Amino acid sequence: MTSKHHRLAVILGALVALGPLSIDMYLPAFLELGRDLRADAGSVQLTLASYFVAMAIGQALYGPLADRHGRKLPLYAGLVIFIAASVGCALATTIEMLIAMRFVQALGGCAGMVIARAVVRDCFDERESARVYALLMLVMGLAPILAPMLGGWLVIHQGWRSIFWCLSGFAALNLISVALLLPESLAAEKRLRHDLAMVFRVYGALLGDRHFMRFALSSGLIMAGMFAYVAGSPYVFMDVYGVEPEGYGLLFGINAAGLIIASQINGRLVMRVDRVRLLRAALTVAAIAGLVLLGTAVSGTGGFPGILAPLFVFISSLGFILPVAAALAMTPHGRNAGSASAMIGTLQFMLGAAAGTLVGAFHDGTARPLALIIALCGCGALAALLLGRPPAKGRR
């Protein structure tokens, strides 16, 4: 890869990082903002669920827009919306206002996630795409390492509202970099002029494409497990096991580091190993880790370390799963790359919203609800890959 491609990966990684930053940076603030806004644990977790729902809706919209109008114009719109909503979050006076502003914030922030994947598909073939996705995960992976630690420090020294002021500033820097440094990757003659009916037909075709759905569902279910971890870990770590906000940020960062290391190993393996076999092996590891986590949470075996170890394995496995699943799903859909990228993201965040909501709904002061949802997501992702395999040629 050339230096130009590395620069492109940094810009796209910063855009994609808006998502995890907006999620991970305020996790250490859950207890404080709950006290400040007089909200219970379930209501605070709704600020995450509303974000996930808006991410699902917004990505379905940005995909066709990116295929019709090019990649940069929808990015400009999304970043402006994100900046305004982040300011609204910082000024929220009730939990209901914060939930609403988080919804709008996600509608803006998801533009970067959709369009970054589409730009990679515009510029690279399948093997190179998997490598670039791995590089993107390295860049954006710094977010979940640094964000909770920075968020924990800000909560202690500046209060939870400062987190959203920081997010608005980072988005403004992204807007400047897109305007000055990101080239338009979709030529005017390649843009699609779909009307609304055609958009629905494209999405319908993707949903009916067994090859696409096999990998998109595997990716979506494994991400749902990740979102369950994001929604449930602040209370499990800080409430159940008494971890301080800064300590929570450190533990969250360790898990994120595992994901980054795995993604970089994957970037080398994907050039030499069959990608479907690699994905199957990684999903098997994730499913086993989820079941072990459920066993330790129910039995109490190993205490807090017994929770942390399988969680680390599960989160790290995403570094293998997500880049490969995205490349395999999108490769046949170059003409509709924006819509295919949007469908992947929509599935991820719809399932993530459901997983996060369930963790909050079943909150019982233990790690059991979190462990159960993660185990179900890991096993479901493996089942989607195995059961979605098309029949062998010559068989019906």
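Quick caveat, the model's predicted, so the values are computed rather than measured.
- Side-chain contact between Leu150 and Ile163 is absent, with no heavy-atom pair separated by less than 4.5 Å.
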Begin from the C-alpha positions of Ser316 and Ile261 and carry the test side chain to side chain contact (heavy atoms under 4.5 Å, CB included) through to its verdict.
CA-CA 8 Å; Ser316 297; Ile261 293 169; over 6 Å; no

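- Note that CG of Leu221 and CG of Leu382 are 10.5 Å apart. Values are rounded to the nearest 0.5 Å.
- Looking at Asn174 and Ser177, their side chains never bring a donor and an acceptor atom within 3.5 Å of each other.
- In this structure the side chain of Ile373 reaches within 4.5 angstrom of the side chain of Cys377, judged on heavy atoms.
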Give the intermediate values and the outcome of side chain to side chain contact (heavy atoms under 4.5 Å, CB included) for residues Met223 and Leu318.
CA-CA 8 Å; Met223 276 294 285; Leu318 272 69; 4.1 Å; yes

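- From Leu308, atom CG reaches atom CZ of Phe237 across 5.0 Å, with rounding to the nearest 0.5 Å.
- Aromatic pair Tyr51/Phe349: centroids not less than 6.0 angstrom apart.
- Tyr235 pairs in a side-chain contact (heavy atoms from CB on, under 4.5 Å) with only one of the listed residues (Val44, Val359, Thr366), which is Val44.
- Here the side chains of Thr357 and Phe227 are not in contact, with every heavy-atom distance at 4.5 Å or above.
- Judged purely by atom type and a 3.5 angstrom limit, Ser218 uses its side chain to pair as donor or acceptor with the backbone of Ala381.
- Each of Val87 and Leu154 belongs to its own hydrophobic cluster when Ile, Leu, Val, Met, Phe, Trp and Tyr are linked at side-chain heavy-atom distances under 4.5 angstrom.
- The nearest pair of heavy atoms linking Ala228 to Ile374 is CB-CG1, 4.2 Å.
- Residue Leu175 is grouped with residue Leu167 when hydrophobic side chains (ILVMFWY) are merged at heavy-atom distances under 4.5 angstrom, including chains of intermediate members.
- Looking only at side-chain heavy atoms (C-beta outward), Leu12 and Val119 come within less than 4.5 Å of each other.
- Across all non-hydrogen atoms, the minimal contact from Leu18 to Ser22 is O-OG, 2.6 Å.
- When ring centroids are compared, Tyr248 and Tyr241 stay outside the 6.0 Å threshold.
- Here the closest heavy-atom approach between residue Ala262 and residue Phe320 is recorded as CB-CE1, 3.4 Å.
- Considering CZ of Phe164 and CZ of Arg102, their distance stands at 5.0 Å, rounded to 0.5 Å.
- In this structure, the side chains of Leu322 and Gln348 come closer than 4.5 Å at one or more pairs of heavy atoms.
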Apply the test side chain to side chain contact (heavy atoms under 4.5 Å, CB included) to residues Phe215 and Leu385: give CA-CA distance (whole Å), side-chain angles for both, the deciding distance (0.1 Å), then the verdict.
CA-CA 6 Å; Phe215 302 113; Leu385 180 74; 3.7 Å; yes

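- Nearest heavy atoms, Trp160 versus Ala29: CB-CB, 3.7 Å.
- Taking all atoms of both residues into account, the shortest heavy-atom contact from Gln45 to Ala231 is NE2-O, 3.0 Å.
- Listed here is the closest heavy atom pair of Ser233 and Leu370: N-CD2, 4.3 Å.
- Both Ile23 and Ile99 are assigned to one and the same hydrophobic cluster, defined by single-linkage of ILVMFWY side chains at heavy-atom distances under 4.5 Å.
- For the atom pair Leu217 CG and Leu207 CG, the distance stands at 9.0 Å (nearest 0.5 Å).
- In this structure, Arg161 contributes its side chain and Ala92 its backbone to a donor-acceptor pair below 3.5 Å.
- Side chains of Leu291 and Cys379 form a contact here, defined as non-hydrogen atoms less than 4.5 Å apart.
- Residues Leu293 and Ile307 meet the side-chain proximity criterion, which asks for heavy atoms closer than 4.5 Å.
- Leu79 and Leu107 sit in two unconnected hydrophobic clusters of ILVMFWY residues. Membership requires side-chain heavy atoms under 4.5 Å apart, directly or through other members.
- Remark: the backbone N or O of Gly306 is paired with a side-chain donor or acceptor of Thr296 at under 3.5 angstrom.
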In sequence, state the C-alpha distance, the side-chain angles, and the governing distance for Ile156 and Glu244, and then conclude on side chain to side chain contact (heavy atoms under 4.5 Å, CB included).
CA-CA 10 Å; Ile156 292 172; Glu244 294 295 323; over 6 Å; no

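- Val298 and Phe314 sit in two unconnected hydrophobic clusters of ILVMFWY residues. Membership requires side-chain heavy atoms under 4.5 Å apart, directly or through other members.
- One distance of note links CG of Leu328 with NE2 of His211; it measures 6.0 Å at 0.5 Å rounding.
- Between Val292 and Val313, the closest side-chain pair of non-hydrogen atoms is not below 4.5 Å.
- Taking the six-membered ring where the residue is Trp, Trp153 and His157 present tilted rings, their angle falling between 30° and 60°.
- Although no hydrogens or angles enter the test, the distance criterion places a donor-acceptor pair under 3.5 Å between the side chain of Thr284 and the main chain of Arg280.
- Atoms CD1 and CG, on Ile288 and Leu283 in that order, are 11.0 Å from each other to the nearest 0.5 Å.
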